[in-house]
Undergrad: 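Pasting in a structure now, in structure tokens, and then I'll have a few things to ask.
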Amino acid sequence: MTGLVRVRDRFTTGATTRRDPRGDPRRAPRRPRPAEVPLRHRVLTCSVLAVAAIYFLVPVYWLTVSMTKSSSGLFGTFGLWFSDPRPIERLHDVITYDHAIYVRWFLNSALYAGVGAAAATLLAAAAGYGLAKFRFPGREGVFNVVLAGVLIPSTALALPLYLLFSRIGLANTYWAVLVPSMVSPFGVYLCRIYAAASVPDTLLEAARIDGAGELTIFRTLGLRIMTPALVTVFLFQFVHIWNNFFLPLVMLSDSDLYPITLGLTSWQGYADRQPQLYQYTVGGAFLSVLPLMVLMAALQRYWRTGLTEGSLKA
Amino acid sequence: MSRARPARSAAVFLLPFCVLFTACFIAPIGYALYQSLLKSQRSGPLGFGREREVFAGLGNYTHALQDGRFLQGFGRVLLFGAVQVPVMIVGATVLALLLESASARWVPFFRTAYFLPYGVPGVVASILWGFLYVPGISPVVDTLHRVGWDVDFLSNGTVLWSIANIATWEFTGYNMLVLIAQLTSVPGELYEAAVIDGASAWQVAWRIKLPLIRPALVLTTVFSIIGTLQLFSEPLVLRSLTSNIDAAYTPNLLAYNEAFAANNYHLAAAMAVLLAVVACVLSFGFLRLVGRTGKGDER
């Protein structure tokens, strides 16, 4: 086994240095120095970029401003500027309303997205590795069926899935949302391509000669080399589940099981009758986008790494 | 090594995924097909007897295809897609090329700003934009009114494009990131060589970069087409703000309402099947059109 570890260490470091130039955006194509580019071009480019930034950021800015307002403030004051801002008090209202149901929805979302994405990543890693590293009859057939799964609208699956799940008593339980969330055909596709490109057969052969079992090899070598792709699959699936609305809407009727997306729409739907729900909806929306935005800004590097692998072969 | 070994080992790795894939993808499709061929029938002279399921042949499909609302909904999302998908993909391409061009400044800030909306769930984005569309709350309507331009974002003629705006806002940055990922995977020397040969920035973008990111463009377009057909949460959320969105606004919304408001699961199943078929036809049709099968994996 020491031989195996040595081979692995040598290889994984080799693999990282080989892949790095692509995975690291900071080193991506060299920019000519400012002096080489005419001023006119720079001004034009930056104006277009700035206008686009305003378009993408204004709704987020509006949300941040409005989160500090009461329901009457929402209607009575200009939307893009503060009026009587009390962010802490407003958020406290959101969190404590209706026996802190919002906190429950938040934790539900975290559970669905966290557990679902982790399981989906592991399953996709194993399947992608199996498809890339073993030759067996029907391999391409299996892969093509999985690929077709990428193209099927998930909302077309949700209705029949609900009918099936209610037959076996799974509808309106945590499992109803968790189980479908654990399947990521796109993840399998990405993992297969990544494993085929970066896990060398010679290394696996060496490990087999050393007497390691297939599962051990997968755990110690495969998963480790595939880590960048796995982070990408996890992120994709996490955001996909966190943002998912149709599946929980179809599956769940008990509001204690709702994720945030479903909870907020139920508040928005009642706001006609209970005006303070306008304020809570805005505050809740603000809280709900915070964690994901931090996650996305912080991990941009990984989005890029995996996306390249996926799109190159599409 | 014996020949049986790879197959057995592969099975160990593939089995867990395949079991769940079968349960969550193949079984529902099969079940939807089966359900779509049945209908509920009440026995007894006045139809008050027990309800039972009988074979309906293709009855649900002809019913769906003769339902004017269903076809109208399809027409609506197709019109939506024909405008919104090109606008979004062109927008994402322009932003990606500009960000990767030599004249761009503050690139990390802009890139993050464009990508942020992808982290906002579709329903939350719809709630957010809904507030920006409603007169009385919206600073946009407010400001435009002050300069003498009265716009109604939720009128019969405009609401579809207001929804298109939400979708564009959400996904342009994501598509841009896919395109940038492919742009940066091309060795920088290629661009430098072109510049040395006297190519202008415009020529480099049009002649070299665009052809190189073609696979990523195909990928993002196909995913956008599939996304368009599933249009659901945006109209559902905006429905509470305007009467110009009815229960049959998109095929998905109609299928949902048939299943849960009208309790007509069989018709809803047929609609779900039709939706999946159209999605597959359009995506494969597009892949054909651009001259690739999309499944070519030479390994």
Side-chain angles (χ1 to χ4, degrees), chain A residues 22 28-32 37 41-42 45-46 48-49 52-53 56-57 59 63 74-75 78-80 123 126-127 129-130 134-136 144 147 149 151-153 155-157 159-161 164 180 182-183 196 214 243 245-246 261 265 268-269 285 288-289 292-293 296-297 303-304 307-308 311 314, chain B residues 6-7 9-10 13-14 16-17 20-21 24-25 27-28 31-32 95 98 102-105 110 112-114 116-117 119-124 127-128 136-137 139 177-178 181-182 184-185 188 215-216 218-219 226 229-230 232-233 237 240 252 259 265 268-269 272 275-276 279-280 283 295 299:
Chain A
R22 267 225 248 147
R30 194 185 69 89
R31 261 163 229 294
V37 181
H41 282 196
R42 265 186 287 158
T45 304
C46 288
V48 175
L49 291 176
F56 288 111
L57 289 179
L63 186 65
L74 272 176
F75 285 94
F78 183 62
L80 294 180
L123 291 174
Y129 176 85
F134 299 95
R135 296 196 166 276
F136 57 92
N144 285 339
L147 263 189
L151 295 181
I152 294 175
T155 52
L157 293 171
L159 276 179
L161 203 55
L164 272 178
M182 292 175 181
V183 191
E214 292 295 342
N243 289 357
F245 174 66
F246 195 74
T261 47
T265 11
Q268 189 242 10
S288 80
V289 301
L292 229 53
M293 287 197 163
M296 294 186 22
W303 293 97
R304 294 156 59 92
L307 286 168
T308 320
S311 53
Chain B
S9 309
F13 289 111
L14 283 164
F17 174 82
L20 280 183
F21 183 80
C24 298
F25 277 78
Y31 195 66
L95 291 179
L98 284 180
S103 22
R105 293 290 165 274
F110 283 129
T112 311
Y114 304 158
L116 275 189
V120 180
V123 277
V124 174
I127 291 174
L128 225 170
I137 291 190
L177 212 65
V178 177
Q182 183 132 51
T184 52
S185 73
V218 171
L219 182 87
I226 298 170
L229 285 168
Q230 305 193 62
F232 178 80
S233 52
V237 169
S240 61
N252 223 345
Y265 293 115
L275 191 68
C280 283
S283 349
K295 286 184 181 178
R299 274 181 288 268

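Below, chains carry the letters A, B, ... as their sequence lines are ordered, and counting in each starts from 1.
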Undergrad: Between chain A and each of B/F17, B/F21, B/Y114, count heavy-atom pairs under 4.5 Å; write down the option with the most.
TA: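 The candidate making the most pairs under 4.5 Å is B/Y114.
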Undergrad: Would you mind telling me which of A/P153, A/G79, A/G130 has the largest number of heavy-atom pairs within less than 4.5 Å of chain B?
TA: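 Of the options given, most contacts go to A/P153.
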Undergrad: Are any of the side-chain heavy atoms of B/Y31 and A/L161 separated by less than 4.5 Å?
TA: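 No, side chains not in contact.
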Undergrad: Would you compute the distance between atom CZ of B/F110 and atom CG of A/L57 and round it to the nearest 0.5 angstrom?
TA: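 With rounding to 0.5 Å, CZ (B/F110) is 9.5 Å from CG (A/L57).
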Undergrad: For the CD1 atom of A/I152 and the CG atom of B/L275, what is their distance to the nearest 0.5 Å?
TA: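 Taking CD1 in A/I152 and CG in B/L275, the distance rounds to 11.0 Å.
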Undergrad: Measure the spacing between CD1 of B/I127 and OG1 of A/T265 and express it to the nearest 0.5 Å.
TA: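 One gets 5.5 Å once the value is rounded to the nearest 0.5 Å.
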Undergrad: Just wondering, do B/N252 and A/F246 contact through their side chains at under 4.5 Å, heavy atoms?
TA: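 Yes; the side chains approach each other to less than 4.5 Å.
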Undergrad: Flag the pair B/V237 / A/F245 as yes when at least one side-chain heavy-atom distance between them is below 4.5 Å, and no otherwise.
TA: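 No, their side chains stay 4.5 Å or more apart.
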Undergrad: Are the side chains of A/P59 and B/L128 in touch, meaning some heavy atoms are under 4.5 Å apart?
TA: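 Touching, per the 4.5 Å side-chain cut-off.
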Undergrad: For a quick test of reading the model, state the closest non-hydrogen atom pair linking A/F56 to B/P117 and the distance between them.
TA: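 Nearest pair, atom of A/F56 first, then B/P117: CD2-CG, 3.8 Å.
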Undergrad: Testing the basics here: between A/V183 and B/F25, what is the closest heavy-atom pair and its distance to 0.1 Å?
TA: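 That closest heavy-atom pairing would be CG1-CE1, 3.7 Å.
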Undergrad: Looking at B/L95, B/I137, B/L20, which makes the most heavy-atom pairs under 4.5 Å with chain A?
TA: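 Heavy-atom pairs under 4.5 Å are most numerous for B/I137.
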Undergrad: So what's closer than 4.5 Å to chain A heavy atoms on B/V120: side chain, backbone, both or neither?
TA: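 It is both, since atoms from each part get that close.
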Undergrad: Counting C-beta onward and ignoring hydrogens, is there a side-chain heavy-atom pair between A/T45 and B/R105 closer than 4.5 Å?
TA: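 No, too far: nothing below the 4.5 Å cut-off.
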Undergrad: Given that the side chain runs from C-beta out, which part of B/A259 has a heavy atom under 4.5 Å from chain A: side chain, backbone, both or neither?
TA: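 Contact with chain A involves the side chain of B/A259 alone.
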Undergrad: Answer with side chain, backbone, both or neither: which region of A/F75 has an atom nearer than 4.5 Å to a non-hydrogen atom of chain B?
TA: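 When you check distances to chain B, atoms from both the backbone and side chain of A/F75 fall under 4.5 Å.
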Undergrad: Pick whichever of A/G269, A/G149, A/S288 has the most heavy-atom pairs under 4.5 Å with chain B.
TA: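 Max contact count across the listed options: A/G149.
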Undergrad: Please rank A/A156, A/C46, A/A126 by heavy-atom pairs under 4.5 Å with chain B and give me the top one.
TA: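 Winner by heavy-atom pair count: A/A126.
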Undergrad: Could you report the tightest heavy-atom contact between A/P180 and B/C24, atom names first, then the distance?
TA: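 That closest heavy-atom pairing would be CA-SG, 3.7 Å.
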Undergrad: Answer with side chain, backbone, both or neither: which region of A/L159 has an atom nearer than 4.5 Å to a non-hydrogen atom of chain B?
TA: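 When you check distances to chain B, only side chain atoms of A/L159 fall under 4.5 Å.
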Undergrad: Search all heavy atoms of B/S240 against all heavy atoms of A/Q268 and return the closest pair with its distance.
TA: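 It is OG-NE2, 3.2 Å.
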Undergrad: Quick one: of A/V289, A/T155, A/L292, who has the most non-hydrogen atom pairs under 4.5 Å with chain B?
TA: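 When all of A/V289, A/T155, A/L292 are compared, A/T155 has the most.
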Undergrad: Under 4.5 Å from any heavy atom of chain A, what part of B/S233 do you find: side chain, backbone, both or neither?
TA: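 Both parts, heavy atoms under 4.5 Å.
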